[in-house]
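Before any comments, here is the structure.
Since the model is a prediction, treat every value here as computed from it, not as a measurement.
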Amino acid sequence: MSEFDADVVIIGSGALGANAAYQLAKAGKSVIMLEAGPYIPRWKVVENYRNGASKRNWCTPYPNLPWAPNSYTDGYIDAKGDPDFAYVTSYLRVAGGSTRHWASAAWRLLPNDFKLKSVYGVGRDWPYPYEELEPWYVKAELEVGVVGTGHEDQSGQGRGHYPPRSQEYPLPPEGKPYMAQRMQAKLGPMGYQVIHEPHGRVSRPYDGRPACAGNNNCEPVCPIGAMYSGDMHVDKAVALGVDLRTECVAWKIEKGADNKIVSITYREPNGKDTRLTAKIFVVAAHGLETPKLLLMNDIANSSDQVGRNLMDHTGLSLTFLADEPLWTGRGSVQHGCIANRRDEPSRAQHSAIRYSLRNLVPNVDVTAPLLKQGLMGKALEDAIYDRASRIMNISTMSETLPSPTNRVVPSKDRKDSIGLPMLDVHYHLDDYVRGMRPQAYKDFANFLQAFNGEVIEAPTGWRNQYHIMGTVIMGDNPKDSVVDKDMRTWDHPNLFLATTGVMPTSATVNPTLTGIALSLRMADTIIREI
């Protein structure tokens with residue numbers, strides 16, 4: 001009989017934790033995976049969304065429990081920031097994690113994103129180059145079922161097929177929506193290139209999933225399961241014998257005399273505590289919850305960097321009416337983007353920029369203002385039709401730098417239903433991010449000119465994109481980082497962190513695919529060590 005409850009205990013069942021669990025189980029390792037929230041089947045989420053009144057809060061169709069609140073719960077996150085910016089984020093605590101309601105953008109970082117300090121003199125470098133993670137990007141794309149084209153220059157700098165790839169995307173791109181065609185036709189002569197956005201909505205049957213049918217309901221849930229979400233790997237892991245325990249909130253981490261982690265303790269809604277032992281422990285509890293758990297237990301923080309260096313893609317957003325129908329909402333909610341500013345020399349002075357084109361059915365968004373104007377009957381119907389056909393939203397994904405003052409800490413005075421602290425978030429925009437505004441304004445002006453646009457929402461306020469990085473930062477020096485290149489904590493040889501919070505640079509692209517690649521690489525390390 002083993003002296004351990006499992007070879008590996010994983011805290012968190014999101015895409016990163018579930019992918020690691022699946023790989024470990026395939027290798028014959030025993031795994032217990034804890035999830036603070038419940039398991040909810042896809043059909044139930046679809047039903048909740050159809051019956052719910054809120055159509056723009058992607059958390060609403062999912063359970064929001066007193067012991068596992070989502071990020072919109074009053075009091076769960078107390079955000080302290082700049083007067084002109086309110087920090088908000090959107091994540092779930094359910095089996096499968098926040099990819100249950102993402103839009104599945106699945107980008108690779110660029111080679112220069114790994115060496116930001118060396119090339120541009122700002123931020124940090126990764127402890128290894130792009131080439132070392134590239135084979136794991138390939139594996140992550142195969143697990144997710146990424147749709148894309150390797151024939152475009154994703155840097156926007158005329159580099160040909162870029163970034164370098166050792167293998168083509170698993171699935172070919174879908175047809176280009178009419179909106180993206182018109183954007184390219186109008187903006188191309190100005191020097192902008194509308195490129196395909198790689199994503200996890202399969203373009204043909206793949207791994208038991210049907211081809212995307214264009215429901216345009218990716219957020220908050222793909223009704224047919226064409227889009228990848230973390231629960232798919234939860235199911236795969238459980239089928240191989242992983243012990244999934246839901247509604248079990250990890251709260252205590254115990255370390256031994258040799259600084260190894262010897263146990264974790266989780267609490268159930270009824271207050272019952274259970275202690276688990278293992279050879280290896282993995283915390284995969286999101287970029288905010290992971291540092292909170294470590295700070296609650298004074299774990300992995302000899303560098304004083306746990307919870308610090310919070311990064312997001314905080315930027316600006318423009319909404320306008322074009323002088324022609326664009327018909328956003330056809331196909332997937334994310335399809336095209338403009339990457340011209342993604343890797344320019346100006347990164348030495350201010351944030352890089354990637355422009356994201358929103359392809360969401362806009363009827364809900366255009367109707368409320370028209371009702372406030374008093375329109376009714378046929379006049380309302382005609383106005384909705386007209387505005388829904390012409391409205392366009394373009395937002396910046398803006399690179400932020402790791403700053404120790406941007407941080408998350410456990411609340412000292414607010415607790416959830418089982419007595420555990422909620423979160424305080426301190427997040428400020430520095431001159432590096434704010435310095436991109438003049439360039440963004442010039443580009444927004446060009447976009448308006450191309451479509452003779454009527455401004456509906458000017459890009460005056462800042463907004464973040466719910467992409468959490470940096471909070472348990474990776475590095476090659478234990479004095480200024482939390483984990484090493486293998487995602488192993490410097491302080492505890494058997495404790496690993498599987499979260500996008502390890503990323504030392506934010507770049508301008510959604511971090512999830514990078515997080516999955518890192519998690520697969522980490523799982524390989526663990527398999528070789530047990």
Enumerate the residue pairs fulfilling salt bridge (Lys or Arg N to Asp or Glu O under 4.0 Å) with a member in residues 145-164, sequence neighbours excluded, ordered by first and then second residue.
Arg159-Asp343

Between Glu324 and Arg182, does any NZ, NE, NH1 or NH2 come within less than 4.0 Å of an OD or OE carboxylate oxygen?
yes

How many angstroms lie between CE in Met503 and OG1 in Thr514, if you round to the nearest 0.5 Å?
4.5 Å

Main-chain N/O of Thr367 paired with Asn363 side-chain donor or acceptor, under 3.5 Å
no

Are the charged groups of Asp74 and Arg414 less than 4.0 angstrom apart, N to O?
no

Would you tell me whether Asn446 and Tyr192 have side-chain atoms, one donor and one acceptor, within less than 3.5 Å of each other?
yes

Verify the ring-centre separation between Tyr91 and His101: is it less than 6.0 angstrom?
no

Pair His335, Glu174 - check side chain to side chain contact (heavy atoms under 4.5 Å, CB included), show working.
CA-CA 9 Å; His335 182 281; Glu174 71 281 32; 3.0 Å; yes

Looking at Asp491 and Ser302, what are the two nearest heavy atoms and their distance?
OD1-OG, 2.6 Å

Ion pair check, Arg124 and Asp476, cut-off under 4.0 Å:
no

Parallel, tilted or perpendicular, judged at 30° and 60°: which one describes the rings of His196 and His199?
tilted

Is the terminal nitrogen or CZ of Lys186 (NZ for Lys, CZ for Arg) located under 6.0 angstrom from the six-membered ring centre of Phe451 and within 45° of that ring's axis?
yes

In terms of side-chain heavy atoms, does Asp125 have a donor or acceptor partner in Ser118 at a distance below 3.5 Å?
yes

Please report the closest heavy-atom contact between Tyr162 and Ser155, naming both atoms and the distance.
CD2-CB, 3.7 Å

Would you say Tyr87 and His426 are linked by a side-chain donor-acceptor pair, where the criterion is simply a distance under 3.5 Å?
no

Looking only at side-chain N and O atoms, does Arg201 offer a donor or acceptor that is under 3.5 Å from a partner on Ser332?
yes

Which of parallel (below 30°), tilted (30 to 60°) and perpendicular (above 60°) describes Phe444 and Tyr355?
perpendicular

Can a donor-acceptor pair be found between the side chains of Ser303 and Asp480 at a distance below 3.5 Å?
no

Does the side chain of Asn393 pick up a donor-acceptor pair with the side chain of Thr319 at under 3.5 Å?
yes

Shortest non-hydrogen pair, Ala68 vs Asn64, comes out as O-OD1, 4.3 Å

Answer with yes or no whether the side chains of Ser166 and Tyr137 bring together a donor and an acceptor at under 3.5 Å.
no

Whether His313 and His467 hold their rings parallel, tilted or perpendicular, with breakpoints at 30° and 60°:
perpendicular

Of all heavy-atom pairs between Val146 and Pro198, which one has the smallest distance, and what is that distance?
CG1-CB, 4.0 Å

Test: Glu219 and Arg56 ion pair at under 4.0 Å
no

Charged N to carboxylate O under 4.0 angstrom, Arg165 versus Glu134?
no

Between the side chains of Arg354 and Asn510, is a donor N or O closer than 3.5 angstrom to an acceptor N or O?
yes

With the threshold set at 4.0 Å, does a side-chain nitrogen-carboxylate oxygen contact exist between Arg434 and Asp430?
no

Could you verify whether a donor N or O on one side chain and an acceptor N or O on the other, from Glu132 and Trp126, lie under 3.5 Å apart?
no

Hydrogens and angles aside, do Trp490 and Ser481 bring a side-chain donor and acceptor to less than 3.5 Å of each other?
yes

Where do Met474 and Leu518 come nearest, in terms of heavy atoms and distance?
CE-CD2, 4.1 Å

Is any side-chain N of the basic residue among Arg342 and Glu399 closer than 4.0 Å to the acidic one's carboxylate O?
no

